[in-house]
**Q** 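Could you have a look at this structure, given as structure tokens, before my questions?
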Amino acid sequence: MLILLGILLLGSSSWAQSPMSLKECIDYGLKHHGMQVVADNEIATSKQRVREGLAAYLPQVNGQVAFDDNIKRPTSIIPAGAFSPQEIKIQFGNQYNTNAVVQLDQVIYDRSMLLGLKILDPYGDIAVINKEKNEQLLMYGAAMSYYQVQVFMEQKRLLAENIAKFDKIATVIKLQVAQGVARKMDYDRIAVTLANLRAQEQVMNNEIDMAYNRLKNAIGMTLDTPLQLPEGGWDKADALDARATPNAGLGKVLDLKIQEKGISIQEIQLRRSQAMYLPTLGVYAR
């Protein structure tokens, strides 16, 4: 049982450490980024608004039940002389009074309400366009962060090669100095250059860590989740494959579409304001 558990843990760890391509990073972001959840909620909200608007045209039933207990009924006084030489006190009404009312209202025609239903369609379209726009921004941010990591990794590889070369040169010059063939000044210059390269390598390691964090943030991944990218330079095929991802929407001017939908909303809103002065038709039963 313990051996099986160890194998499962080892398998999950190796899967978490497997390099992710650009397409895999974009797919991860489209599924897990918080802005995608917000966009989906906005689309669901727009659909519920349509249902809410349609509900206003459905029959409306209202009911009311009232129960009154007149602990002390009002008393009216008839002055003396009209019916009796003395004034007469008379109480009207009942001590208990119950009233129940049920009313059914049905709108038959209301131009303003109809335009209110029509204005919900552009709002739903805007929610869908905003989601597509968010996907484009997410894909762009993921690609930029992805290749930024690869740029730093390539720079680190070149630094490592230079460090290895200067390390060999420093070893040779050190032997030459010991044998009196070279000057110590030559070795000191190589040593300083080697120290600078190693310092740059440390800075590059920090840059890579920050670039990884930016990539995780771009795709909605927590910072403590292991993430590894493939090494070995640029992958043109991977970039083209990522560009062909569904819903990439390349070449679409989504901001212009949103503005056009906004103009439609304003036009319908103007017509709705004018229709509020028109008569309405409805029936009720009580």
Side-chain angles (χ1 to χ4, degrees), residues 9-35 135-245 248 250:
L9 292 176
L10 180 61
S12 62
S13 176
S14 62
W15 177 85
Q17 295 292 337
S18 60
M20 293 181 63
S21 65
L22 175 58
K23 186 177 185 302
E24 291 174 339
C25 289
I26 291 177
D27 291 339
Y28 184 94
L30 294 177
K31 293 179 181 178
H32 299 88
H33 200 279
M35 293 303 298
E135 289 178 352
Q136 286 192 6
L137 294 175
L138 189 149
M139 294 170 64
Y140 176 78
M144 293 294 293
S145 301
Y146 183 92
Y147 286 118
Q148 189 66 53
V149 173
Q150 286 203 340
V151 167
F152 288 142
M153 291 172 62
E154 182 67 15
Q155 292 178 355
K156 180 182 177 181
R157 185 184 67 82
L158 295 176
L159 278 175
E161 292 180 357
N162 290 334
I163 290 174
K165 292 178 181 179
F166 276 94
D167 194 20
K168 292 180 180 180
I169 294 174
T171 302
V172 173
I173 295 180
K174 186 177 182 180
L175 292 176
Q176 292 177 349
V177 171
Q179 295 176 0
V181 179
R183 296 176 301 176
K184 187 177 182 299
M185 182 184 303
D186 298 331
Y187 174 77
D188 292 339
R189 284 200 297 265
I190 296 298
V192 170
T193 302
L194 187 60
N196 291 335
L197 289 176
R198 287 174 176 170
Q200 293 178 15
E201 185 181 31
Q202 183 61 41
V203 173
M204 190 56 60
N205 289 332
N206 297 333
E207 292 289 347
I208 291 176
D209 292 338
M210 294 177 61
Y212 266 111
N213 291 336
R214 285 193 293 267
L215 176 58
K216 291 179 181 179
N217 182 66
I219 63 177
M221 181 182 290
T222 57
L223 297 181
D224 56 350
T225 302
L227 176 62
Q228 183 180 356
L229 302 188
E231 298 181 359
W234 302 87
D235 190 352
K236 183 177 180 181
D238 183 30
L240 294 176
D241 189 19
R243 189 176 64 178
T245 303
L250 295 176

**Q** Please find the pair of heavy atoms, one from Leu22 and one from Ala142, that lie closest to each other, and give the distance.
**A**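 Scanning both residues completely, I find the closest heavy atoms to be CD1-O, 4.2 Å.
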
**Q** So, Thr193 side chain and Arg189 main chain: donor-acceptor pair closer than 3.5 Å or not?
**A**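 Judged by distance alone, yes, a pair lies under 3.5 Å.
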
**Q** For Tyr187 and Ala170, which heavy atoms make the closest approach, and how far apart are they?
**A**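 Of all heavy-atom pairs spanning Tyr187 and Ala170, the closest is CE1-O, 3.4 Å.
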
**Q** Kindly indicate whether the side chain of Leu197, heavy atoms from C-beta on, has any atom under 4.5 Å from the side chain of Gln200.
**A**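 The answer is yes, as the side chains (C-beta and beyond) meet within the 4.5 Å cut-off.
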
**Q** For Lys156 and Met204, indicate whether the former's side chain and the latter's backbone hold a donor-acceptor pair under 3.5 Å.
**A**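 No, Lys156 side chain to Met204 backbone: no donor-acceptor pair under 3.5 Å.
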
**Q** Give a yes or no on whether a salt bridge exists between Lys31 and Asp27, defined as a side-chain N under 4.0 angstrom from a carboxylate O.
**A**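 Salt bridge flag = no for Asp27 with Lys31.
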
**Q** For residues Met139 and Ile26, report the shortest heavy-atom separation together with the two atoms involved.
**A**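 Scanning both residues, the minimum pair turns out to be CG-CG2, 3.6 Å.
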
**Q** Which value, rounded to the nearest 0.5 Å, describes the distance between Gln150 atom CD and Leu229 atom CG?
**A**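 Between atom CD of Gln150 and atom CG of Leu229 there are 6.5 Å.
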
**Q** Can you tell me how far the CG atom of Leu227 sits from the SG atom of Cys25, to the nearest 0.5 Å?
**A**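 Leu227 atom CG to Cys25 atom SG measures 5.5 Å (nearest 0.5 Å).
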
**Q** Hey, are Glu161 and Arg157 close enough for a salt bridge, meaning a charged N less than 4.0 Å from a carboxylate O?
**A**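 Salt bridge present between Glu161 and Arg157.
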
**Q** Once you round to the nearest 0.5 Å, how far does CE of Met144 lie from CZ of Arg214?
**A**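 Spacing of CE (Met144) from CZ (Arg214) equals 10.5 Å.
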
**Q** Taking the side chain from Gln202 and the backbone from Ala199, do they hold a donor-acceptor pair closer than 3.5 Å?
**A**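 Absent.
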
**Q** Kindly indicate whether the side chain of Asp186, heavy atoms from C-beta on, has any atom under 4.5 Å from the side chain of Val177.
**A**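 SC-SC contact between Asp186 and Val177 ruled out.
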
**Q** Roughly how far, to the nearest 0.5 Å, is the CG atom of Leu223 from the CG atom of Asn213?
**A**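 Asn213 CG to Leu223 CG: 5.0 Å, rounded to 0.5 Å.
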
**Q** Hey, could you give me the CD/CD1 distance between Glu201 and Ile208, rounded to the nearest 0.5 Å?
**A**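 Interatomic distance, Glu201 CD to Ile208 CD1, rounded to 0.5 Å: 9.0 Å.
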
**Q** Would you say OH of Tyr28 has more than 12 non-hydrogen atoms from neighbouring residues, nucleotides or ligands within 6.0 angstrom?
**A**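 Yes, because the 6.0 Å sphere around OH of Tyr28 holds more than 12 heavy atoms from other groups.
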
**Q** Calculate, to the nearest 0.5 Å, the distance between atoms CG and CD1 belonging to Leu138 and Ile219 respectively.
**A**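 Rounded to the nearest 0.5 Å, the CG-CD1 separation comes out at 8.5 Å.
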
**Q** Quick one, Tyr212 and Met153 - any side-chain contact, counting heavy atoms below 4.5 Å?
**A**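 Counting from C-beta outward, Tyr212 and Met153 do come under 4.5 Å.
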
